[in-house]
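Take a look at the structure set out below.
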Amino acid sequence: SFCITGTLNRPRKEIALTIKAAGGKVVSTVSGKLDYLVAGENAGTKLDKAKRLDVTILTESDLASMLD
């Protein structure tokens with residue numbers, strides 16, 4: 001499962017569709033069940049929470065590499 005936060009180069013909707021097309025699930029909240037947080041600039045409280053919960057944090061380019 002993936003959560004998207006912060007300012008990214010591509011629209012969130014486009015990133016979410018790419019994740020779903022690859023078989024991933026996109027959620028809106030950070031929890032202990034979350035696998036990945038895709039974090040852009042100014043990610044804020046979701047990034048802080050993901051770090052506390054030891055969720056894997058990806059940049060937009062990390063995500064692109066993973067999905068290729």
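Shortest non-hydrogen contact noted between S31 and V55 is O-CG2, 4.0 Å. The minimum heavy-atom distance between C3 and V30, with the atom names listed, is SG-CG2, 4.2 Å. Considering every non-hydrogen atom in both L67 and A22, the closest pair reads CD2-CB, 3.6 Å.
Here the straight-line distance linking atom NZ of K46 with atom NZ of K51 works out to 15.5 Å at 0.5 Å rounding.
Here the side chain of K33 pairs no donor or acceptor atom with the backbone of S1 at under 3.5 angstrom.
Tested against Y36, the residues D62, I57, I4, L58 include a single side chain to side chain contact (heavy atoms under 4.5 Å, CB included) partner, L58. Under the side chain to side chain contact (heavy atoms under 4.5 Å, CB included) rule, L34 has a single partner from T29, V27, L53, which is V27.
Counting heavy atoms from C-beta on, the side chains of N42 and T5 never come closer than 4.5 Å. Taking 4.5 Å as the limit, every side-chain heavy atom of K20 sits out of range of all side-chain heavy atoms of F2. Residues I15 and L8 meet the side-chain proximity criterion, which asks for heavy atoms closer than 4.5 Å. In this structure the side chain of T56 never reaches within 4.5 angstrom of the side chain of D35, judged on heavy atoms. Side-chain contact between R10 and E60 is present, with at least one heavy-atom pair separated by less than 4.5 Å.
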